[in-house]
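Structure, as structure tokens:
The first residue of the sequence shown is numbered 1, and numbering continues consecutively from there. Only this structure's heavy atoms are used, side chains among them; waters, hydrogens and symmetry mates stay out. Counting starts at 1 for both ligands and their atoms, following the listed order.
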Amino acid sequence: MDFTIKPLLPGMDFAGEVIGIDVAAPINSSVYDQLRTALGKYAVLVFRNQNINDDQQITFSEKFGSLEKSLGFDRGGGVTHPEISRIANVDDNNKIRSHGDEKSRYHRGNSLWHSDSSFKPIPANISILSGREVPPFGGETEFADARYAYDTWPGSISGVEKKDLEGLICEHSIIFSRQLIVGDIFSEEDKERLKPVRQALIRRHPETGRKVFYLGSHCHFVEGWDYSKSRALITELTSWMTRPEFVYAHKWAPLDLVMWDNRSVLHRGNPWLDEEYRRVMHRTTVAGDQPTV
Ligand code: OGA
Ligand code: MN
């Protein structure tokens, strides 16, 4: 291998620090293949001290597939590339926003466990997040290994077993998930372009063959099930998947770059003192290639 990987959780094939890669430098295709294999194994890869600009982040990210365009709810800070999703508590004048600012409220949806773009007809494969400015404490990004959670799930307290969940389809909606935390923040136009979509409840990763429960905050209900029964199942599965033993919490240092596979993990961004400390993150998102159902 052209780099080494330091596992971040003892004894688990989940979350690894990549040592020996400069993301801004030219990287040959065999190294990209090795990174793809490593991501298949660890699902979360951490690269420390990557002082990159948006062009360099895009060039690196595109090697993993074509990139999604940002929804455009936060286009501040001189970001010009539609491939960059900016997640920041800083306004166009470089000042910290108030906690109640509408963009801060939009971003607060990230503090619920989710899988990126599961509210889109074809959800994202991989996300790559660059910590341009990070707070001294709080604001960790947490990742839960959905593969391990699936493998070890003992079945529901209500008697539902894994085999009963094969083939089920869930409706996912960002209108629903934002309502859970910050209320009804979308305009009628937004609601029109962000209509609910259908996703498989159990997914198999095309490269690794491993299965997961494909849930997260956008997941609203199981099609064809009684609504309260499906909410209960989603809540129970989500709390199983996010048990501490399945979780890697990334404590950000400035210029960390973290890459994860949305087909294998759930993630969330923890709160921090957002009226005191700046937090500016730039994300690129590798688009999915096929619907899950
Ligand atoms: C994201 C996300 C969480 C964070 O970028 O997709 O959920 O910690 N971010 O900023
Ligand atoms: Mn996210």
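Within the 3.5 Å criterion, the main-chain N or O of D101 finds a donor-acceptor partner in the side chain of S98. In this structure, the side chain of N93 does not engage the main chain of K95 through any donor-acceptor pair within 3.5 Å.
For E102, the CD atom is loosely surrounded, since the number of other residues' heavy atoms within 6.0 Å does not exceed 12.
The pair E68-K120 meets the salt-bridge criterion, since a charged nitrogen lies less than 4.0 angstrom from a carboxylate oxygen. By the 4.0 Å N-to-carboxylate-O rule, E140 lies too far from K251 to be salt-bridged with it.
Near ligand 1, heavy-atom contacts under 4.0 Å come from I87, N110, H114, D116, L129, T141, W260, H267, G269, R279, R283.
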Exercise for the section: Might you work through the salt bridge (Lys or Arg N to Asp or Glu O under 4.0 Å) test for D91 and R97, ending with a clear yes or no? Expected result: CA-CA 6 Å; D91 67 18; R97 293 185 182 123; 6.0 Å; no
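Protein atoms of type N/O/S that fall under 2.8 Å from the Mn ion (ligand 2) number 3 in this view.
Between H220 and F176, the ring planes are parallel. Angles under 30° get that label, and only those over 60° would be called perpendicular.
Across all non-hydrogen atoms, the minimal contact from I126 to N262 is C-ND2, 3.8 Å.
Geometrically, R178 engages Y106 in a cation-pi contact defined by less than 6.0 Å to the ring centre and at most 45° from the axis.
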